[in-house]
There are 2 protein chains.
Amino acid sequence: MRVTIADVARLAGVSKATVSRVLNGRPDVDGATQARIEEIMAETGYVPSSRAVDLARGRTRTVGVLAPTLRTAWMPELLQGVADVVEPSGYGLLLHSAAGGGPALERFAASVRGHAVDGVLAVDPGAALDHLRDLHRQGLPVVVVDTVGARAPLPSVGADYADGGRRAAELLLAAGRLRLAMITGPAEEPTGAACADGFADLLTGTGAVLRASHVTEADGTEQGGYDAVQRLLRARLFFDGLFAHGDAMAAGALRALQEAGRQVPGEVAVVGFGDVPPAAYTVPALTTVRVPWEEMGGAAARSLIDRLRGEPGSDEPEVFETSLVIRGSTPPVGRIPGQRNRRAARTAELPAFRTSALATEPVPEL
Amino acid sequence: MRVTIADVARLAGVSKATVSRVLNGRPDVDGATQARIEEIMAETGYVPSSRAVDLARGRTRTVGVLAPTLRTAWMPELLQGVADVVEPSGYGLLLHSAAGGGPALERFAASVRGHAVDGVLAVDPGAALDHLRDLHRQGLPVVVVDTVGARAPLPSVGADYADGGRRAAELLLAAGRLRLAMITGPAEEPTGAACADGFADLLTGTGAVLRASHVTEADGTEQGGYDAVQRLLRARLFFDGLFAHGDAMAAGALRALQEAGRQVPGEVAVVGFGDVPPAAYTVPALTTVRVPWEEMGGAAARSLIDRLRGEPGSDEPEVFETSLVIRGSTPPVGRIPGQRNRRAARTAELPAFRTSALATEPVPEL
DNA sequence: CTGAAAGCGCTTACAG
DNA sequence: CTGAAAGCGCTTACAG
């Protein structure tokens, strides 16, 4: 039979209240009494029931994480960033994938309304945003991670996408590219607008041009990027620099350029966006605007947990800088502001793309 | 103030027990009473407290998922497969990353001992295996997902890695390659042994040879695969077919071969293992042995939930078939000899046998 | 420094 | 078909 606090109290000859005090590290317990209780707990292998603690305390020490899908290239980084903060803080991480659509969101809502979590960390909530805002108004701590440039009316963490666009432009200019082309993502994703604005912004007053004819929309996929470049080529448009608002589209662009016999980066320099793992394995490896997924996840988690602990927390969005990861799809250039060390990019920053995860760390007695 | 079952009971003029009966869909409630109670619940927006339900029922309807790290290329697929089964079943998914080492495992153990979860799904538990076995002995439902060929003394789900090795060999033979080379992963990972056995197995009696000199070990990374091929080339060893026990190493191999001016697949055909997203973005795109990550996750989740529901569940490992995904790193070949026969034969002996036909080229999204 | 008692919000025999 | 009561295993004022 499971050992309860009552058992420990009886064996130690004290009340449950005193055992509870020891359990919660309250200072007002006699040293000898505490030692005796701790000994009994160790002997019996007593572990408090989290179910009972939760009910009595009125909270669960669990945060809900809502993500539209787990099947995104940056999700492992982001999620690990979240877990690395949430778990050491003593909180559990209850994962909800909204991939199932309506029913999945209803389960999430039920979980929240049933107080299964103390707070919510939502990644790109999309249509669930209104619901989250209601919850937030009702006092539930909520933090949003925005990976698509959607400014949420809630505490949020995002990246400076416009600045990312600027960095891409800067690099292409530094490489001497003057006739530029751009592949945007789906129009619904605000990232594109921000990226495009930043890109165009930096171009003004330089000799470089990005004509409307050279801007084409794709669906965010590799195939979409491939098709987009084919459209540009078929229209006989000339360009020596290309910025794609996503690494997948950039990878497709590389494929189309290669098939067309265009040298990369010699004839066309290509810059992607995101720096997800596959970007490092294209040929040539993709130069891209790095978004700090893991840091963003960690910051959102920290912000949420601070709120759970009653610390204020700013309502201003926490915006992360992007940076350039220069690989082979752009020619070597001199130093550019915000550029990450090239050598580091090739070694330390190469994403750990391993097919196995055998634990190597020493494991304590459990 | 939060609405409780007592509030609903009072408003409906019945006892808490009757409200509880309606809540749990018990049939023995008067129709009119039930309707009245349901109306009140809707009006008040009543949602049962999961904390209280958990304590009263003695379970949490939550499964713990333990993964050594979330930062693996196949993790999104696997996790989505798990979530797609767990969530619609009405269970929550409490995610534990063991990435923090000892402390992380201790938190996991505390969570389990505190009965925060009804069962555990462990991905490649490694050193935590002993602890899981103890828990299983003590009656906790546990299912292991094995992605590295580590046969666990617990209910488990894995893939037929030896058969994957056979498929790779078969394809290289069909492409007419007779002088083969192999890059194995870290020796601690049993996958390698199984793959290698299957590979060698199929080669016996054919004209193809895999000499010990042509087998080299790498660390599972892209750079490791690159270095491995450089070693082979520097030793002036000839090979026209290469099998790497991981897509990352295969990607590195492609890079090294390209740098050395060897045509792929013309001079060297390359087959990887895993079919993780980056495999589709190498140039040429990587032919690889597909491991059904998502299905494996789903099967493990289903098995765990069946056990939680008291259904027996076999203790035999549930072994999934691998399949070939043929892309550009191997030359086009006709039907692969013996494939259909072998598959039919295996159907009979494997417990839960699912396979995708020779896959065409699914390009994962970044 | 410690204990008795109430309370967290449900479920579940047991009676009727 | 329904209710009163005990119980799940803790925490937390309130007294002393």
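Lettering follows sequence order; numbering is per chain, from 1.
If you measure from atom CZ of A/Arg21 to atom C1' of D/dC14, you get 11 Å, rounded to the nearest angstrom. In this structure, the CD1 atom of A/Ile5 is 13 Å from the C1' atom of D/dC8, given to the nearest Å. Atom CG in A/Asp28 sits roughly 17 Å away from atom P in D/dA15 (whole-Å rounding). In this structure, the CZ atom of B/Arg2 is 8 Å from the C1' atom of C/dG9, given to the nearest Å. For the pair B/Lys16 NZ and D/dC1 C1', the interatomic distance rounds to 19 Å; values are reported in whole Å. Whole-Å rounding puts the A/Arg10 CZ to D/dG9 P distance at 13 Å. Taking atom CD1 of A/Ile37 as the reference point, atom P of D/dC10 lies 13 Å away to the nearest angstrom.
Within the shown strands, D/dT2 is the pairing partner of C/dA15 under the Watson-Crick or G-U definition, both distances less than 3.5 Å.
Residue A/Asp30 places its side chain closer to C/dT2 than to any other of D/dA4, C/dT2, D/dT12.
A salt bridge does not link A/Asp306 with A/Arg309: none of the charged nitrogens is closer than 4.0 Å to a carboxylate oxygen.
Judged by distance alone, the side chains of A/Ser303 and A/Glu318 never bring a donor and an acceptor atom under 3.5 Å apart.
Judged purely by atom type and a 3.5 angstrom limit, A/Asp124 uses its side chain to pair as donor or acceptor with the backbone of A/Thr147. A distance-only check finds no donor-acceptor pair linking the side chain of B/Arg36 to the backbone of B/Gly31 [under 3.5 Å]. Using modelled atom types, no side-chain atom of B/Glu294 and backbone atom of B/Leu78 make a donor-acceptor pair closer than 3.5 Å.
Of the side-chain N and O atoms in B/Thr18, none sit less than 4.0 angstrom from OP1 or OP2 of D/dT2. Distances shorter than 4.0 Å separate some side-chain N or O of A/Ser15 from OP1 or OP2 on C/dG3. Taking side-chain N and O atoms only, B/Arg26 has no distance below 4.0 Å to OP1 or OP2 of D/dT2. Remark: B/Thr33 is in phosphate contact with D/dT2, judged by side-chain N or O atoms under 4.0 Å from OP1 or OP2.
Residues A/Leu121 and A/Val145 share a closest heavy-atom pair of CD2-CG2, 3.8 Å.
Pairs passing the salt bridge (charged side-chain N to carboxylate O under 4.0 Å, His left out) check and including a residue from residues 133-150 of chain A, sequence neighbours excluded, read A/Asp130-A/Arg133, A/Asp134-A/Arg137.
Contacts of B/Ser20 with the nucleic acid, taken as non-hydrogen atoms under 4.0 Å apart, include base atoms.
Against DNA chain C, the stretch residues 40-60 of chain A makes heavy-atom approaches under 4.0 Å through A/Leu55, A/Ala56.
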